[in-house]
Every structure is written in C-alpha cells, then in structure tokens.
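Report on the following structure.
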Number of protein chains: 2
Amino acid sequence: MPDDAKTRLLQAAGPVFADKGFQAATVREICELAGVNVASINYYFGDKERLYVEAVKEARRIKADRTPFPDWPADVAPETRLRQFVETLLTRLLSADAVPWPTRLMMREILDPGSACKELAQEYFRPEFEMLLGILDEMLPPDTPDYRRRQLGFSVVGQCVFYRLAGGVVSALVDEEELSERYDAEDLANHITRFTLAALGRTPPLGRQPSPPAKLRDIVPQESEN
Amino acid sequence: MPDDAKTRLLQAAGPVFADKGFQAATVREICELAGVNVASINYYFGDKERLYVEAVKEARRIKADRTPFPDWPADVAPETRLRQFVETLLTRLLSADAVPWPTRLMMREILDPGSACKELAQEYFRPEFEMLLGILDEMLPPDTPDYRRRQLGFSVVGQCVFYRLAGGVVSALVDEEELSERYDAEDLANHITRFTLAALGRTPPLGRQPSPPAKLRDIVPQESEN
DNA sequence: CTTGCTTTAAAACGATCGTTTAATACAATT
DNA sequence: AATTGTATTAAACGATCGTTTTAAAGCAAG
C-alpha cells in the first residue's frame with residue numbers, strides 16, 4: 001500500500017481547501033475523499049486548522065518542484081531570461097484548469113492571509129522576486145533607486161497575476177474565441193515581455209511614434225532612430 | 001432620519017461580508033451590528049444569500065458614486081488622461097484602510113465569483129475598461145489589432161489591482177518605511193503611468209540606453225549558447 | 001375600540017459543523 | 001499468551017449555523 005491514512009488525508013485536503021476555502025471546506029468531505037474516518041484529522045493533525053497549514057505547505061512544495069525556474073548560464077541575455085521568467089510564472093498561474101489545486105490554494109492564502117501562512121508565503125515568494133529583480137537590474141541604469149526597482153518588479157508580476165486573480169473579469173470582458181486564442185501562457189508572456197522591454201527601451205516602443213497634434217510637446221524632432 | 005430596519009441591515013451587512021466573506025459571516029453578527037432581530041434578514045430579504053447580493057449591489061453603487069472618473073474636455077492629452085485614470089483607479093483600490101468595505105466586497109466577488117454576481121461585476125467594469133481603451137487608442141498605431149489593445153489595457157489594470165489583490169505579499173516584501181513612503185496612490189500612479197508611457201514611446205525609456213541592441217543578437221552569431 | 005396589516009420579538013427548529021469519546025482491531029514486544 | 005501501543009471505527013457531543021414558528025406590539029383606517 002503506497003499511502004498511509006495521513007498522507008491520503010493531506011492529498012485530499014489540498015483540492016478541497018483550494019476549491020472552497022478554509023471555512024467552507026468541511027472535514028467530513030475531506031475525510032470521505034480520503035477514505036478515512038472523520039476522527040482521523042484530529043488524530044493525525046490535531047485539528048482542522050493544522051491540517052490546513054500542512055496543506056498549504058505541501059502546495060508550496062509541489063509548486064516549487066513542478067515548473068521550476070531555470071537556472072540560466074551566466075551569459076544568457078536578460079531579455080531572454082525575462083521572457084522565460086514571465087512564461088514560467090504565467091504557466092504556473094494559468095494551469096489552474098489542468099493541474100489546479102496548489103496554485104489555487106496559494107492564491108487563496110495570498111488574498112486572505114490566514115493563520116501563520118503569511119510569512120510562509122513571503123518566504124516562498126521572496127527568492128523568486130529577487131531573481132526577477134536581478135534580471136531587471138541588468139537592464140536598468142546603475143543609479144536606479146531600490147524602491148524603483150521593486151516597483152518595476154511589481155509591474156511585471158502584477159501584469160502576470162492579474163490573469164489569475166481577476167480571471168473572471170477577463171473572461172467576462174473578452175469573447176470566448178479571443179480568450180481561447182490569445183490568452184494562453186505563451187501569448188501573454190509574449191505581450192508582457194514585449195510591453196516591459198519596450199518600457200525599458202530594449203525594444204521599439206509599442207505606440208505610434210508621430211503625435212501630430214501635440215502642442216504640449218516640442219516639435220523639434222529629437223527622436224530620430226530605432 | 002433614523003433608517004428603518006431594512007436599510008440598517010443592508011448597511012451592516014456590507015462591512016461584515018467584506019471582512020469575512022459570505023460563508024464566514026454570520027447572520028447573527030450582522031443583525032447584532034444592525035440592532036435588529038435575527039429573523040429580520042429572512043423577513044426583509046428572504047435569506048442570507050439574497051442579502052449578500054443586495055450588499056454587493058450597494059457596494060457597486062457606492063463605489064461608482066464616490067471617486068467617479070472625470071469626463072475630460074476633448075482636448076486633454078491622452079498622457080494626462082491616462083495618468084488621471086490610473087490615479088483614480090488606484091485611489092479606489094488603496095482606500096481600503098480608510099473607506100474600505102465596498103471595495104473589499106467587490107474584490108471578494110471578483111476573486112470568488114458567487115451567485116449571479118459575475119455578470120453584475122462585468123457590467124460594472126466594462127464601461128470603465130472601455131474608457132481606458134479609448135485613452136490608449138489615441139497613442140497606438142491605427143492598425144493595432146483589438147486583442148492587442150485589450151491586452152495592453154489589462155497590463156495597465158493589472159499593475160494597479162496587484163497592489164490590492166496581493167497587498168499582503170507586497171507588504172511582506174518591502175520594509176515598512178518604504179511601504180508608507182512610496183506606495184500610496186499618487187506615487188504608484190506616477191510609476192505605473194511612466195512605465196506605461198515609456199512602453200508606448202511617449203516618454204524616454206526607463207532602462208539603460210548604452211547596451212548592445214537586442215537586434216544584433218539575431219544578426220551576429222553570439223558565442224556559444226544552448 | 002375594533003379591525004387588518006406590518007413590523008418586531010423570543011424561542012426553538014433541524015441541520016451541520018468540528019471535535020471528542022469509547023470501543024475495537026491489529027501488530028509488535030515482553 | 002499476555003501486554004502494550006498504535007490505528008481505526010461508529011457514535012455522540014456541544015456548539016453554532018440559517019431558518020422558521022409563533023405571538024405580541026405598533027399603528028393607521030374604519
């Protein structure tokens with residue numbers, strides 16, 4: 001027999017908590033899904049909340065194992081690394097339909113920080129956020145203040161997590177065929193990377209260059225090449 | 001002058017639902033806060049869920065009244081309008097500590113679409129999203145496909161809502177003084193607007209200029225790469 | 001004052017929650 | 001074989017949930 005009752009319980013708890021949240025999830029549903037008695041939760045974990053904490057920790061572990069960030073060789077261009085970082089993050093976030101529950105559970109914990117899981121979420125996100133800042137650093141002027149680097153990192157992350165956190169709104173604002181055609185991880189990674197690189201000046205800007213009726217700007221053509 | 005029991009109930013329900021969510025909020029707490037009997041909810045609204053729907057609707061109404069988007073005169077530059085749009089959105093989102101509950105309640109509904117409130121949220125957000133797209137349109141090339149305009153709009157909105165949806169993570173990743181100093185609505189609006197305008201080419205790019213252009217990589221074969 | 005209707009009040013209902021209890025089955029140790 | 005400790009079970013416990021019941025209080029109109 002591969003799994004004992006305790007691990008079966010832990011495996012069953014993750015999806016249920018991810019689906020319904022801590023309050024709405026019931027111990028009876030989890031136990032039934034795990035095929036164990038209702039008393040087992042209290043026997044193995046003490047109470048429902050401790051099981052929840054363990055489930056969040058396991059979600060973190062699973063997500064870190066699956067879709068790990070590549071450790072690039074030192075000579076990879078920052079543009080490429082940014083692109084891969086964004087796509088990895090988006091793949092994690094948008095895989096909710098296929099392999100959902102660890103991501104969903106962690107998202108719940110982010111939005112509604114409960115118990116002692118807030119610091120846990122921090123310790124999980126900080127190293128990856130620092131990795132992103134390291135990538136951006138190579139493209140920023142050396143005198144960029146730290147708070148501005150972080151705000152820039154949040155701009156990148158914010159564009160990504162938006163599609164998960166507010167996915168309901170997105171799918172309500174775009175029709176279904178465009179949604180299935182243009183909003184997978186790869187396309188969104190293309191867009192976000194291009195948007196970010198354009199803001200950093202590593203790529204031609206996305207807007208129209210000439211602003212003919214602009215009277216507030218000088219007409220002197222100081223922009224000349226691209 | 002003294003509100004009747006029904007409106008007192010509605011006013012009390014909003015903050016409680018916003019704080020605890022639908023499941024965790026109890027009718028007894030709401031009734032005690034409103035100073036009415038527990039049976040009043042069922043008398044006036046039928047059941048708890050119908051009261052919740054009404055609370056969400058009222059939150060939407062309050063939020064639309066407060067902090068409305070300005071209707072600009074026709075000759076205002078799109079840069080200015082974008083800046084004001086972003087700051088208005090951020091002010092709504094980040095006022096959670098001061099005037100919190102309608103925003104918080106709607107955020108809950110976005111993240112965890114319950115009942116028939118999804119379409120309601122859509123009808124609330126669509127016109128304002130279209131307003132944003134109208135602003136961006138003036139700065140985009142005329143041949144920009146529609147799906148790309150929307151993705152760009154989501155990039156702007158995503159940067160903004162991130163600070164509310166993932167505010168717990170943000171406050172865990174930056175120390176307290178930087179948080180209170182650099183993360184108010186005005187500073188964030190500055191950053192996001194600058195970031196977006198730079199991506200569109202309306203503003204000098206944020207990155208370091210002197211560096212081998214990315215295009216060279218495609219032309220000249222670089223040294224060993226995987 | 002009575003009538004008819006709306007509103008408020010207290011109490012209890014049935015359901016379900018998380019948790020505990022007490023008894024049993026099993027395996028290893030003495 | 002007896003004992004010890006762990007694992008598992010069915011059942012019940014107490015608390016709390018949303019909801020319903022029942023009845024009384026308020027109140028305008030006849």
(message) By nearest atom, which of the nucleotides C:dT7, D:dT20, C:dT21 is closest to the B:Y44 side chain?
(response)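 So the side chain of B:Y44 is nearest to C:dT7.
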(request) Kindly point out which of D:dA10, C:dT19, D:dT20 is positioned nearest to the side chain of A:K48? (result) C:dT19
Measure the distance from [atom1] on [X] to [atom2] on [N] and round it to the nearest whole Å.
{"X": "A:L9", "N": "C:dG18", "atom1": "CG", "atom2": "P", "result": "13 Å"}
{"X": "A:I41", "N": "C:dT20", "atom1": "CD1", "atom2": "P", "result": "12 Å"}
{"X": "A:N42", "N": "D:dA12", "atom1": "CG", "atom2": "P", "result": "18 Å"}

(request) If a pair satisfies side-chain hydrogen bond (donor to acceptor under 3.5 Å, both in side chains) and one of its residues is in residues 23-41 of chain A, list it, with sequence neighbours excluded. (result)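 Sorted pair list: A:K20-A:E29.
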(request) Could you identify which residues of residues 26-36 of chain B place a heavy atom less than 4.0 Å from some atom of DNA chain D, listed by residue number, or say none? (result)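 Within this stretch, B:T26, B:V27, B:R28 sit under 4.0 Å of the strand.
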(request) State the CG-CZ distance between B:L173 and A:F129, to the nearest 0.5 angstrom. (result)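 Those atoms lie 6.0 Å apart.
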(message) I'd like to check the side chain to side chain contact (heavy atoms under 4.5 Å, CB included) partners of B:R83; sequence neighbours left out, ordered by chain and number.
(response) B:E87, B:E186, B:A189, B:N190, B:T193
(message) Taking only side-chain N and O atoms of B:Y43, does any of them lie within less than 4.0 angstrom of OP1 or OP2 on C:dT8?
(response) no
(request) Ignoring hydrogens and angles, answer whether the base of D:dA7 and the side-chain atoms of A:N37 contain a donor-acceptor pair closer than 3.5 Å. (result)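 By the distance-only test, no, there is no pair.
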(request) Please check if the side chain of A:R8 supplies one atom and the backbone of A:A34 the other of a donor-acceptor pair under 3.5 Å. (result) yes
